[in-house]
Amino acid sequence: MSGPKEDYGPRGDASRHLPLAALEAAVRALPPGPKDAGRLRLIIRRHADGSREMLASAILTPQEGVPGDRWGRRPAPNPRTQLAVMRFDIAEVIANGQPLTLFGDNLFVDLDLTAAGLPPGARLKVGQAVLEVSPEPHNGCLKFKGRFGADALRFVQAEPTRELNLRGVYWTVVEAGQVYAGAPIERL
């Protein structure tokens, strides 16, 4: 049994899609993400009509993730895909001037999200919430391709760089707590 169909969400601007070589060069030029302590930059809630809402703060819970987000409206939400998380600066490169809400991720962070730097099972304190890195892979999809282009999808899915988690990761809420844009993130 499935719930009501969710809207596709915002469309991308094909004129802003970057070629693969430009994506690779721009991300290579970025400094590495902070290893053990970082910062939460954005919190996004996805509505059923496909619109996105940028939140100044939210109380993350194991039951809802981001309250009112699309994840909690699924008939049987997978707790391992509760919060979609992406590194802020990588998202900015891929978006190429488009709003970051286009991604559909919940949290954008300044933090090393590589598999080596933040492996599945690692726990983090974000604001007052305790979150855990999920083993579930966060892959690009047809929506991602439509919003950012075929080269962007190839870029985030490339096997040689898959361990960098360029598309991001999933986190699960272990302990409820308030988070806010600008909140510190520390590895536990």
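Source: prediction; values computed, not measured.
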Item checked: N-O pairing of R45 and D69 below 4.0 Å -> no
Check: Ion pair present between R41 and D110, side-chain N to carboxylate O less than 4.0 angstrom?
Finding: yes
Check: So M86 and V109, side chain to side chain contact (heavy atoms under 4.5 Å, CB included) or not? Walk me through it.
Finding: CA-CA 6 Å; M86 191 164 184; V109 300; over 6 Å; no
ILVMFWY network linking [X] to [Y], side-chain heavy atoms under 4.5 angstrom:
X    : Y    : answer
L113 : L131 : yes
L188 : V174 : yes
V179 : V66  : yes
V173 : L40  : yes
L20  : L153 : yes

What are the two closest non-hydrogen atoms of [X] and [Y], and how far apart are they?
X    : Y    : result
L100 : L42  : CD1-CD1, 3.9 Å
V93  : L18  : O-CD1, 3.3 Å
A91  : F108 : CB-CE2, 3.6 Å
A37  : L111 : C-CD1, 4.1 Å
V126 : W171 : CG2-CZ3, 4.1 Å
R147 : Q98  : O-NE2, 3.4 Å

Check: Among R167, R162, Q157, whose side chain to side chain donor-acceptor pair (under 3.5 Å) with N139 holds?
Finding: R162
Notebook entry, point to check: For residues R52 and N106, is any side-chain donor paired with an opposing acceptor at under 3.5 Å?
Noted result: no
Is there a side-chain contact between [X] and [Y] (heavy atoms, below 4.5 Å)?
X    : Y    : value
L124 : L118 : yes
E175 : T61  : no
P77  : Q82  : no
V133 : Y170 : no
D105 : H138 : yes
I94  : V156 : yes

Check: Under 3.5 Å, side chain of R187 to main-chain N/O of G117, donor-acceptor pair present?
Finding: yes
Margin query: When you measure from the side chain of S134 to the backbone of R80, do you find a donor-acceptor pair of N or O atoms at a distance under 3.5 Å?
Written below: yes
Working to the nearest 0.5 angstrom, can you tell me the gap between [X] [atom1] and [Y] [atom2]?
X    : Y    : atom1 : atom2 : result
T114 : E163 : OG1   : CD    : 8.5 Å
L164 : I90  : CG    : CD1   : 7.5 Å
M54  : I43  : CE    : CD1   : 10.5 Å

Margin query: If you apply the rule side chain to side chain contact (heavy atoms under 4.5 Å, CB included), what do you find for I44 with L55, and how did you get there?
Written below: CA-CA 6 Å; I44 310 293; L55 304 172; over 6 Å; no
Next item on the list: Take R87 and L30, measure what side chain to side chain contact (heavy atoms under 4.5 Å, CB included) needs, and give me the verdict at the end.
Entry: CA-CA 11 Å; R87 205 170 113 183; L30 294 174; 4.0 Å; yes
Checklist line | Sole candidate of T172, V169, L60 that passes side chain to side chain contact (heavy atoms under 4.5 Å, CB included) when paired with L83 | finding: L60
Next item on the list: Go through the steps to decide whether R46 and W71 satisfy the test side chain to side chain contact (heavy atoms under 4.5 Å, CB included), and finish with yes or no.
Entry: CA-CA 8 Å; R46 302 163 296 177; W71 178 85; 4.0 Å; yes
Note to self: Would R123 and E132 count as a salt bridge (Lys or Arg N to Asp or Glu O under 4.0 Å) here? Give the steps.
What the structure shows: CA-CA 4 Å; R123 290 200 172 184; E132 183 174 286; 2.8 Å; yes
Note to self: Can you classify the ring geometry of F103 versus F144 as parallel (below 30°), tilted (30 to 60°) or perpendicular (above 60°)?
What the structure shows: tilted
